[in-house]
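Read the structure below first, then the notes.
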Amino acid sequence: MSPRYVVVGPPGAGKTTVSELLAARLGLPFRDVDADIVALAGKPVSDIFTDDGEPAFRAMEEEAVAKALVEHEGVLALGGGAVLSAATRERLHEHTVVFLNVGMAEGVRRTGLSSSRPLLSGINPRATFKALLDARLPLYREVATIEVLTDSLDPEQVTDAVIEGEQA
Ligand SMILES: Nc1ncnc2c1ncn2[C@@H]1O[C@H](COP(=O)(O)OP(=O)(O)O)[C@@H](O)[C@H]1O
Ligand SMILES: O=C(O)C1=C[C@@H](OP(=O)(O)O)[C@@H](O)[C@H](O)C1
Ligand SMILES: [Mg+2]
């Protein structure tokens with residue numbers, strides 16, 4: 001069993017939103033690994049970071065991604081930091097990976113002063129977002145089959161681009 005698409009990219013790129021649209025468009029099930037983690041932990045991501053710390057979240061995330069990759073056959077959305085795990089990147093080489101990219105300004109605009117994303121709730125979200133992009137772009141591109149720049153597209157247009165992108 002294997003997902004039709006695995007979707008990666010920075011926070012706010014539209015992984016959750018577009019994966020849901022893409023799944024509906026293709027008549028496939030949708031799954032979001034963040035939601036799996038929340039269900040397992042019984043608390044929101046932000047509380048996991050606060051109560052248990054980021055390393056504990058990343059360990060749960062690596063395990064949840066490995067599980068979803070063998071269980072899910074539809075469109076699978078990962079969290080923005082899942083590619084930080086070398087084991088996860090290794091696993092992703094076997095799959096069709098969609099990298100939804102977003103620039104700093106648009107990424108910050110979409111995530112806002114998001115309390116749901118603990119990594120972006122600091123005093124300078126633009127600087128934090130830029131540092132996150134600089135560190136992770138090579139990791140997203142290491143695993144990407146298709147890359148879509150989403151800044152000037154709405155979610156439906158991004159969905160179209162993913163489908164067309166694979167046919168290109
Ligand atoms: N292409 C887009 N254009 C404008 N807003 C978008 C786009 N994709 C997602 N959004 C909005 O940005 C926010 C974050 O989207 P989300 O799907 O949660 O991103 P991610 O899962 O990558 O963090 C949501 O409010 C969503 O409606
Ligand atoms: O970029 C990150 O490190 C994170 C992104 C979040 O998911 P989204 O990318 O769906 O917001 C969530 O997994 C957590 O807040 C960590
Ligand atoms: Mg998401």
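Counting convention: from 1, in listed order, for ligands and their atoms alike.
For ligand 1, none of its N or O atoms has an N or O atom of V18 under 3.5 Å away. Between V158 and ligand 1, no N or O atom pair is found at a separation short of 3.5 Å. No N or O atom of R109 sits closer than 3.5 Å to an N or O atom of ligand 1. At least one N/O-N/O distance between G12 and ligand 1 falls below 3.5 Å. Note: no N/O pair closer than 3.5 Å links E106 and ligand 1 by distance alone. Between D34 and ligand 2, a contact under 3.5 Å exists for at least one N or O pair.
In this structure, R141 places its CZ atom where more than 12 heavy-atom neighbours from other residues, nucleotides or ligands lie under 6.0 Å away.
Looking at residues two or more places apart in sequence or on another chain, you find a side-chain hydrogen bond (donor to acceptor under 3.5 Å, both in side chains) between T150 and R110. The salt bridge (Lys or Arg N to Asp or Glu O under 4.0 Å) search around R89 returns E142, not counting sequence neighbours.
Under a 3.5 Å cut-off, the side chain of Y140 and the backbone N or O of F99 do not form any donor-acceptor pair. Formation of a donor-acceptor pair under 3.5 Å by the E62 side chain with backbone atoms of A59 is not found in this model. The main-chain N or O of G103 is found under 3.5 Å from a side-chain atom of D151 such that the two form a donor-acceptor pair. Between the side chain of K15 and the backbone N or O of G79, no donor-acceptor pair lies under 3.5 Å.
Heavy-atom minimum distance, P10 versus L133: CG-CD2, 3.4 Å.
The structure places OG1 of T96 at 7.0 Å from CD1 of I146, a figure rounded to the nearest 0.5 Å. Between atom OG1 of residue T145 and atom CG of residue L92 there is a gap of 9.0 Å, rounded to the nearest 0.5 Å.
Put simply, no part of G80 is less than 4.0 Å from ligand 1, judged by heavy atoms. Not a single heavy atom of E54 sits under 4.0 Å from any atom of ligand 2. Not a single heavy atom of Q157 sits closer than 4.0 Å to an atom of ligand 1. Heavy-atom separations between G79 and ligand 1 are all 4.0 Å or longer. Under a 4.0 Å heavy-atom criterion, P155 is in contact with ligand 1.
Each of the following atoms of ligand 2 lies closer than 4.0 Å to a heavy atom of G79: 7 (O), 9 (O), 13 (O). Near L119, the atoms of ligand 2 lying under 4.0 angstrom from a non-hydrogen atom of the residue are 2 (C), 3 (O). Of all atoms in ligand 1, listed by their number and element, those nearer than 4.0 Å to a heavy atom of T16 are 17 (O), 21 (O). Atom numbering of ligand 2 starts at 1 in the shown order; those under 4.0 Å from a heavy atom of P118 are 15 (O). Below 4.0 Å from some heavy atom of D154 lie the following atoms of ligand 1, by number and element: 1 (N). Each of the atoms 14 (C), 15 (O) of ligand 2 lies under 4.0 Å from some heavy atom of V45. Within ligand 1, counting atoms from 1 as listed, the ones closer than 4.0 Å to a heavy atom of P11 are 23 (O).
Note on residues 64-84: pairs passing side-chain hydrogen bond (donor to acceptor under 3.5 Å, both in side chains), not counting sequence neighbours, are R31-E71, K67-E71.
In this structure, atom 24 (C) of ligand 1 lies nearest to the protein heavy atom T17 OG1, 4.4 Å. Counting protein heavy atoms only, atom 1 (O) of ligand 2 is closest to R136 NH1, 2.7 Å. The single protein non-hydrogen atom nearest to atom 16 (C) of ligand 2 is R58 NH2, 4.0 Å, given as residue, atom name and distance. Atom 9 (O) of ligand 2 has its closest protein heavy atom at K15 NZ, 2.7 Å. Here the protein heavy atom with the shortest distance to atom 9 (C) of ligand 1 is G14 CA, 3.6 Å. Among all protein heavy atoms, the one lying closest to atom 11 (O) of ligand 2 is R117 NE, 2.7 Å. The shortest contact between atom 5 (C) of ligand 2 and any protein heavy atom is with G80 N, 3.4 Å. Nearest non-hydrogen protein atom to atom 5 (N) of ligand 1 is R110 NE, 3.7 Å. Closest protein heavy atom to atom 18 (O) of ligand 1: R117 NH2, 3.1 Å.
Contact annotation for P10 and ligand 1: only backbone heavy atoms (N, CA, C, O) come within less than 4.0 Å of the ligand. The residue T111 has no part lying near ligand 1, judged by heavy-atom distances below 4.0 Å. At a heavy-atom distance under 4.0 Å, only backbone atoms of L153 (N, CA, C or O) approach ligand 1.
In this structure, the side chains of V38 and K43 stay at 4.5 Å or more apart for every pair of heavy atoms. Using a 4.5 Å cut-off on side-chain heavy atoms (C-beta onward), L69 and V6 make contact. Under the 4.5 Å side-chain criterion, counting only non-hydrogen atoms from C-beta, L132 is in contact with P11. With contacts defined as side-chain heavy-atom distances shorter than 4.5 Å, the pair I163/L22 qualifies. No side-chain heavy atom of L76 sits less than 4.5 Å from a side-chain heavy atom of D32. Counting only heavy atoms from C-beta outward, the side chains of N101 and L137 approach each other to under 4.5 Å. Side-chain contact between V75 and V18 is absent, with no heavy-atom pair separated by less than 4.5 Å. Residues T16 and F30 form a side-chain contact, since some pair of their non-hydrogen atoms from C-beta on lies under 4.5 Å apart.
Between R25 and D160 there is a salt bridge, since at least one side-chain N of the basic residue sits less than 4.0 Å from a carboxylate O of the acidic one. Between E54 and R58 there is a salt bridge, with a side-chain nitrogen of the basic residue lying less than 4.0 Å from a carboxylate oxygen of the acidic one.
Protein atoms of type N, O or S found under 2.8 Å from the Mg ion (ligand 3) total 1.
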